[in-house]
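Input: a single structure, listed below in structure tokens.
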Amino acid sequence: MGGMHGFGPVVVEKDEPVFHNRWEGSVRAIMRRTVGRIYHLDEFRNVVERMPPAEYLRASYYERWLHALETLMVERGVITLEELRSGRANGPATGANIQHELAPALDARFKPGDKVVTRNLHPAGHTRLPRYARGKRGVVRTVNGPFLLPDRNAHRGGKVWEACYAVEFTASELWGDRASAVDRVCVDLWQSYLRSEEDEA
Amino acid sequence: MTKHDHHEQGDHGHHPEAPSDLEARTLALESLLIEKGLLTSEDVDRIISAYEHDIGPMIGARVVAHAWVDPDYRARLLNDGPAAIRELGYDYPTSTGLTVLEITEKVHHMVVCTLCSCYPWAVLGLPPTWYKSAPYRSRAVSEPRLVLEEFGVALPADVSVNVWDSSSDLRYMVLPERPEGTGGWTEEQLASIVSRDCMIGVARPRVPAEANR
């Protein structure tokens, strides 16, 4: 959503409770107990993003989560649509569990201070490269990971471990002349989102 | 638990369905998962209770207060956030890192997740609704100074505003500046002025007017 216009001022709810209702807490708890067992967090985020845009914006936060949990349980074969409708189980869960593997050693191509350019990627599925940071020049601040590449993991497209970098951009590189000359935005980016400035040249 | 009032000021009103429908769907999902042995009602109660009572911004506030009084701890916190949090006896998950961002006279930090709602919940509890809302997620990166002004933080033009978009499994927490007029305060007193918003970077710790008489 970074940089989109038209959403108005930030509205702060005074003395907001942790959960507004019991069902919000239940949704959070169900997610906590099932993520990493039945589905990966990247898959969960992708299912939320797959909501039709108008519905996504209209729905409350935990309503999106409820939608994602229902969708994932059905897609994984844990619960059938009929069971969801009736609220009664017809048989045991059959969904496959997530297989976890240990992360390999960090193999980082870039180091702090390296000048990088983000790729101009527009995948149809999930990515963690924000739209406002595509095709921009920045500098690596920290090197982290390796983490699984969400673009693949969200679609069960294979486990690809990559270094992840906090990349600093000047505000004017992202937003043009209206931005302050001293402001900066740091974005966490996976290695395959990045090229070195030399590649560019 | 507070009953949600839909006419309450500040409620975004994002409820296309009556809450009872969402409640019914949640109950159906919960009971199916319990029947299938993937969840217990004790799990649900325990997790809700932990978020409501045990995990919250008081953890981050105590960490900040300790860093204010102990320069060595402050250095360790800036160097390795999770290790420094655990040093004070708190749990910090191994799955996510934590970078602590130090506010100085010349650099201000604020945190957002433009893609979803990533947030250092282990030290701050669950994020407020505004943090997860479209206005904050869209504007924090492109017009941070305007957003900060709406929160009551006006920054001089020569202070660099650094916005951290937590788009991966890394997490960020802001270490605010210790305000003037807090000399001799106990850590407990110091922690009491470090709000959640201070550690997101949209507020500054304030010394209450009556504190220094």
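These figures come from a predicted structure and were not determined experimentally. Quick note on labels: first sequence line is chain A, next is B, and so on, each numbered from 1.
Using a 4.5 Å cut-off between heavy atoms, B/F151 touches chain A through its side chain atoms alone. Both the backbone and the side chain of B/E30 come within contact range of chain A, judged by heavy atoms closer than 4.5 Å. Contacts of B/V159 with chain A are made by backbone atoms alone, with heavy-atom separations under 4.5 Å and no side-chain atom involved. Neither the backbone nor the side chain of A/Y165 comes within less than 4.5 Å of any heavy atom of chain B. Residue A/A171: no heavy atom, backbone or side chain, is found under 4.5 Å from chain B. Proximity to chain B (any heavy atom under 4.5 Å) is restricted, for A/Y62, to the side chain, taken from C-beta onward. Contacts of A/L84 with chain B are made by both backbone and side-chain atoms, with heavy-atom separations under 4.5 Å. Looking at A/R131, neither its backbone nor its side chain comes within 4.5 Å of chain B, counting heavy atoms on both sides. For a residue to count as touching a neighbouring chain, one of its non-hydrogen atoms must lie under 4.5 Å from one of that chain's; by this rule B/A157 touches chain A with the backbone only. Both the backbone and the side chain of A/P9 have a heavy atom closer than 4.5 Å to some heavy atom of chain B. Of the atoms belonging to A/R45, it is side-chain heavy atoms, and not backbone ones, that fall under 4.5 Å from chain B. Both the backbone and the side chain of A/S26 come within less than 4.5 Å of a heavy atom in chain B. The parts of B/L170 that come within reach of chain A are both its backbone and its side chain, each placing non-hydrogen atoms under 4.5 angstrom from that chain.
Rounded to the nearest 0.5 Å, atoms CE (A/M73) and CG (B/L38) are 7.5 Å apart. Interatomic distance, A/N144 CG to B/D169 CG, rounded to the nearest 0.5 Å: 10.5 Å. In this structure, CD1 in B/I47 is found 6.0 Å from CZ in A/R33, a value given to the nearest 0.5 Å. The distance from the CZ atom of A/F147 to the OG1 atom of B/T96 is 8.5 Å, given to the nearest 0.5 Å. Note: B/S133 OG to A/L57 CG = 11.5 Å, rounded to the nearest 0.5 Å. To the nearest 0.5 angstrom, B/N162 atom CG is 7.5 Å from A/D183 atom CG.
In this structure, B/W164 and A/R141 have side chains that are in contact, with non-hydrogen atoms separated by less than 4.5 Å. Counting heavy atoms from C-beta on, the side chains of B/S142 and A/R178 come closer than 4.5 Å. Between A/C186 and B/D165 there is no side-chain heavy-atom pair separated by less than 4.5 Å. In this structure, B/L29 and A/L69 have side chains that are in contact, with non-hydrogen atoms separated by less than 4.5 Å. Between B/W130 and A/V11 the shortest side-chain heavy-atom distance does not fall below 4.5 Å. Using a 4.5 Å heavy-atom threshold, the side chains of A/W190 and B/S168 count as touching. Inter-residue side-chain proximity for B/D197 and A/V12 is flagged as unmet; no heavy-atom pair is nearer than 4.5 Å. For the pair B/L126 and A/E24, the minimum side-chain heavy-atom distance is 4.5 Å or more.
Salt bridge present: B/R25 and A/E70 bring a charged side-chain N and a carboxylate O closer than 4.0 Å. Here B/D43 does not pair with A/R32 in a salt bridge; the nearest charged N to carboxylate O distance is not below 4.0 Å. Look at A/E83 and B/K36 and you find a salt bridge, because one of the NZ, NE, NH1 or NH2 atoms lies within 4.0 Å of a carboxylate O, short of that distance. Salt bridge absent: B/R171 and A/D188 never bring a charged side-chain N and a carboxylate O closer than 4.0 Å.
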Legend entry - A/I30 vs B/L39, side chain to side chain contact (heavy atoms under 4.5 Å, CB included): CA-CA, chis, key distance, verdict: CA-CA 8 Å; A/I30 293 168; B/L39 186 77; 3.9 Å; yes
Legend entry - Pair A/V78-B/L33, side chain to side chain contact (heavy atoms under 4.5 Å, CB included): steps then yes or no: CA-CA 8 Å; A/V78 172; B/L33 290 170; 4.2 Å; yes
Inset, instruction - Go through the steps to decide whether B/S138 and A/H5 satisfy the test side chain to side chain contact (heavy atoms under 4.5 Å, CB included), and finish with yes or no. - result: CA-CA 7 Å; B/S138 61; A/H5 291 284; over 6 Å; no
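The environment of CG in B/D91 is sparse: at most 12 heavy-atom neighbours from other residues, nucleotides or ligands sit within 6.0 Å. Around atom CG of B/D54, more than 12 heavy atoms belonging to other residues, nucleotides or ligands sit under 6.0 Å away. Heavy atoms from other residues, nucleotides or ligands lying under 6.0 Å from CZ of A/R50 number more than 12. No more than 12 heavy atoms of other residues, nucleotides or ligands sit less than 6.0 Å from atom CD of A/E82.
With hydrogens and angles left out, the side-chain atoms of B/S117 and A/Y61 include a donor and acceptor closer than 3.5 Å.
For the pair A/E16 (side chain) and B/T129 (backbone), a donor-acceptor distance under 3.5 Å is present. Between the side chain of A/R128 and the backbone N or O of B/S167, at least one donor-acceptor pair lies under 3.5 Å.
Ranked by heavy-atom pairs under 4.5 Å with chain B, the first of A/G36, A/P130, A/G6 is A/P130. By number of non-hydrogen pairs under 4.5 angstrom with chain A, the leading residue of B/V147, B/L32, B/D45, B/V44 is B/L32. Between chain A and the options B/R46, B/R137, B/E35, B/H108, the largest number of non-hydrogen pairs under 4.5 Å is found for B/R137. Ranked by non-hydrogen atom pairs under 4.5 Å with chain B, the options A/A103, A/C164, A/G87 are led by A/G87. Of the listed residues (A/L66, A/V187, A/V185, A/T142), the one with the most heavy-atom contacts under 4.5 Å to chain B is A/L66. Of the listed residues (A/I79, A/L189, A/L174), the one with the most heavy-atom contacts under 4.5 Å to chain B is A/I79. No other option in B/T99, B/D158, B/T114 has as many heavy-atom pairs under 4.5 Å with chain A as B/T114.
Within the cation-pi definition used here (under 6.0 Å to the ring centroid, within 45° of the axis), B/R139 does not qualify as a partner of A/F7.
Minimum heavy-atom separation, B/E23 to A/W23: CA-CB, 4.0 Å.
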